[in-house]
Amino acid sequence: MRWSQLFIPTLRDIPSEAEAASHQLLLRAGYIRQLAAGIYSYLFLAKRSLLKIERIIREEMDLIGAQEFHLPELHPAEVWQESGRWKMMGSDMFRLQDRWGRDLCLGMTEEEVMTTIARGELRSYKQLPQLWYQIQTKFRDEPRPKSGLMRVRRFTMKDSYSFDIDEKGLEASYRKHYNAYCRILSRSGLDYLSVEAHSGAMGGKKSHEFVLPSDAGEDVVVTCDACDYLANLEKAESTPQVIENDASTKANPLEEFETPGQKTIAEVAAFGGLPASSHIKSLAMVISEETESKAVLVLLRGDHQLSEAKLSVLVSSETVRPAHPEEIQKWFGAEVGYIGPVGISQVEIIADKALEGRSGLVAGANKNGWHLRNVTPERDFKAHFEDLREVVAGDGCPHCGQPLALKKCIEVGHIFQLGRKYSESMGLRVLDEDGKERAPVMGSYGIGLERILTGAIEQNHDEAGMMLPAAISPFEVVIVPVNFKNDDQREAAEMIYERCLKSGLDVLLDDRPERAGVKFKDAELIGIPYRVTIGKKVAEGLVELSDRSTRLSTDVTLEEAVVSIREKVQAAPLADF
RNA sequence: CGGGGCGUAGCGCAGUUUGGUAGCGCGCUUGCUUCGGGAGCAAGAGGUCCGGAGUUCAAAUCUCCGCGCCCCGACCA
């Protein structure tokens, strides 16, 4: 296409609202414009890039036998009420009413709709497995949209759903998706990881997350260089740095001591002279069930942090929150900062494993202004010991013991083994070989298109702009005649442009009456991977071919140009399959 | 939901403290010169100063009430 006729509104200055590199570049390069918080218009370049991502995804889904649907994004409340998620989704869901006052919502995901279709039509195990997918707009009322397309309220997702008669079938469908996701991300030119994850509100057991390592990410993944252990921080386990107990403290009796105004572990540690790791951190938490809520006292080593995700899995409740000050006062008779496990009987106590076998610890005395020393778990209080702590960098790998590292990542895909949650609650049944009714086992598999683009930019950019992988760049090559008014240059540019088109390359001709510098800057900003520069040397039959990411350029003859570009463009993406 | 910041031309900003009727850079239009790394000169166009109410002879500026956007935390398939 010809640049002079396109709408590519590049900006010299960085819009002040943008912080993340991808956000700044998407705006500056004229890919997107904001309409409202977390709601963006995708202009020509973004749409083109997203179409390429979509095509890759579609090809890979079709390859595993998945069938594409187009589903409503406006859903009646009933189907969400049946699955029980109308309530559960809370204010993350956009809700509205029609003229008759009936409740509707904008789709966040399609389990309900897919299951509704399935239960009306699937009758026999012979029709299974089925793999259905769609690539459509999703809505989610994020409490805090941020970083451009990273976390938005309206986005595009490919989500697929599998229906199998048994777990073995599900395992196969899951495997297919796992492999397809690997191929999608490799073909898109991304550096990615797949990690075991916490399945959260989706229900079900097995789940993998596909993430792109990037400092701009919001997810944290725990990695071990020595043995390839990989897990989401929410789920990761580790062996904490060991603290040697002072054996002589074992027999020491409990002793109260006064700690006026010292509430935090750091304050008490400084005041009492023992390190934070010799303290017990006592957290009063409230677990809310549908009908009632109950309190638990969570204990951690003073220098450790609670993983709320692990706690909520442990108590199998979605809503776990810190207790309010009044509740703490009621249950413990003391303020936050002075509570502890000793003498507490009405509240269940769950302690992190790092406290097992310790002695001589400091804990709150359940009396304002006082703490206890020489606290010894088991002797002074009873608790269940569980893994509750959040891994920190340097902890030992649970497999090999080597130090773990934490990596920030962008979550792009998530696959789940749902089980029978939706088929059971929504009445999807088929007959099995024995003529008995059975609820099929389902899986759900999502991947975010904008996140792929955002992640690609975060992983591939420099001061000058984006450096998109050819497979997802809006154009594969840009032709820049230094001076379009020069006849020789213009003719050479037109010729190469025509040949590129004929050979099937996605080519952009910069035919604008701009100065060379402006064209170079723009080409670099929008991130086209290859550039053909046509300047004075055209008189000798030479043009310059340059690579956006390596910044290397070589002179090639007019004849060679198109062939060389084709080779470069085709080299990368499919290599490893 | 807690904490912080911002809102003046398409973009980046000054002007607000101390009230006097809006300015700079980039971009845009026209002309001339220039032409391989965001050109120069000249002449122009472009504004409900986020909105409403109030104080005042006079409000971008002061007061009150809203709205929007960004960042940190909480939250989050």
Side-chain angles (χ1 to χ4, degrees), chain A residues 7 9-20 23-24 27-30 33-40 85 88-93 107-112 138-148 150-153 155 157 159 161 197-204 207-211 218-219 232 234 308-309 312 318-322 324 411-418 421-422 443-448 451 463-465 480-486 489 510 512-525 531 533-538 543-544 546 551 553:
Chain A
F7 180 59
T10 58
L11 301 172
R12 292 196 185 194
D13 297 315
I14 301 170
S16 60
E17 73 259 22
E19 192 107 332
H23 189 194
Q24 295 183 349
L27 288 168
R28 278 193 61 209
R33 286 297 182 261
Q34 185 177 44
L35 185 61
I39 302 178
Y40 289 86
R85 295 207 298 176
M88 206 176 87
M89 287 305 183
S91 32
D92 276 359
M93 186 145 85
M108 307 172 67
T109 172
E110 304 285 337
E111 279 81 1
E112 282 78 1
K138 293 291 183 303
F139 298 88
R140 183 164 168 174
D141 197 358
E142 276 291 339
R144 183 147 108 76
K146 59 174 286 199
S147 306
M150 191 99 73
R151 184 196 275 277
V152 288
R153 297 197 291 173
F155 56 99
M157 181 163 88
D159 46 329
Y161 303 87
H198 168 69
S199 51
M202 296 299 296
S207 143
H208 279 88
E209 218 175 64
F210 289 83
V211 300
E218 306 176 299
D219 245 32
N232 189 299
E234 291 181 337
E308 286 196 31
S312 76
E318 278 309 317
T319 43
V320 173
R321 63 165 172 86
H324 301 309
E411 179 183 355
V412 286
H414 207 151
I415 60 178
F416 301 89
Q417 294 197 352
L418 289 176
K421 175 179 162 148
Y422 296 91
S444 104
Y445 318 88
I447 191 165
R451 289 242 176 127
E463 326 71 55
V480 182
V482 165
N483 183 351
F484 203 63
K485 276 184 259 177
N486 175 292
Q489 291 184 23
D510 194 347
R512 296 175 300 167
E514 291 289 349
R515 297 165 61 86
V518 173
K519 297 197 215 183
F520 294 154
K521 293 285 186 200
D522 274 345
E524 282 155 13
L525 180 59
R531 185 178 88 201
T533 311
I534 297 162
K536 289 200 181 91
K537 275 182 282 186
V538 76
V543 296
E544 192 178 291
S546 40
R551 295 265 187 183
S553 45

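In what follows, every chain begins at residue 1, and chains take the letters A, B, ... in the order their sequences are listed.
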message = Measuring to OP1 and OP2 of C35(B), would you say a side-chain N or O of Lys485(A) lies under 4.0 angstrom away?
response = no
key: Glu19(A)/Lys146(A) under salt bridge (Lys or Arg N to Asp or Glu O under 4.0 Å): CA gap, chis, key distance, verdict   = CA-CA 9 Å; Glu19(A) 192 107 332; Lys146(A) 59 174 286 199; over 6 Å; no
key: Asp13(A) CG to C28(B) P, straight-line distance once rounded to whole Å   = 13 Å
inquiry  = Base, sugar-phosphate or nothing for Arg531(A)? Non-hydrogen atoms, less than 4.0 Å.
reply    = base
query = When all nucleic acid strands are considered with a 4.0 Å heavy-atom cut-off, which category describes Ala36(A): base, sugar-phosphate, or nothing?
reply = sugar-phosphate
request  = Using a 4.0 Å heavy-atom cut-off across all strands, classify Glu308(A) as base, sugar-phosphate, or nothing.
outcome  = sugar-phosphate
message = Under a 4.0 Å threshold between the charged nitrogen and the carboxylate oxygen, would Glu111(A) count as salt-bridged to Lys421(A)?
response = no
query = With respect to the phosphate group of C13(B), does any side-chain polar atom (N or O) of Ser16(A) fall under 4.0 Å of OP1 or OP2?
reply = yes
inquiry  = Side-chain N or O of Gln34(A) versus OP1/OP2 of G68(B): is the shortest distance under 4.0 Å?
reply    = no
remark   = Atom CG of Asp92(A) and atom C1' of C75(B) are separated, to the nearest Å, by 8 Å
task = Could you please name the partner base of A9(B), counting Watson-Crick and G-U wobble pairs only when both distances are under 3.5 Å?
result = none
task = Report which part of the nucleic acid Ile14(A) touches: base, sugar-phosphate, or nothing (heavy-atom distance under 4.0 Å, all strands).
result = sugar-phosphate
query = Within the structure shown, what part of the strands sits under 4.0 Å from Asp522(A) by heavy-atom distance: base, sugar-phosphate, or nothing?
reply = base
query = Do Arg531(A)'s NZ or CZ and the ring of Phe520(A) fall within the cation-pi criteria of under 6.0 Å and 45°?
reply = yes
task = With RNA chain B as reference, determine whether Thr10(A) or Lys138(A) sits nearer its 5' end, using the nearest nucleotide of each.
result = Thr10(A)
ask   = Which is true for Pro15(A) with a 4.0 Å heavy-atom rule: it touches a base, it touches only sugar-phosphate, or it touches nothing?
value = sugar-phosphate
query = Should G44(B) form a Watson-Crick or G-U wobble pair with both distances under 3.5 Å, which nucleotide is its partner?
reply = C28(B)
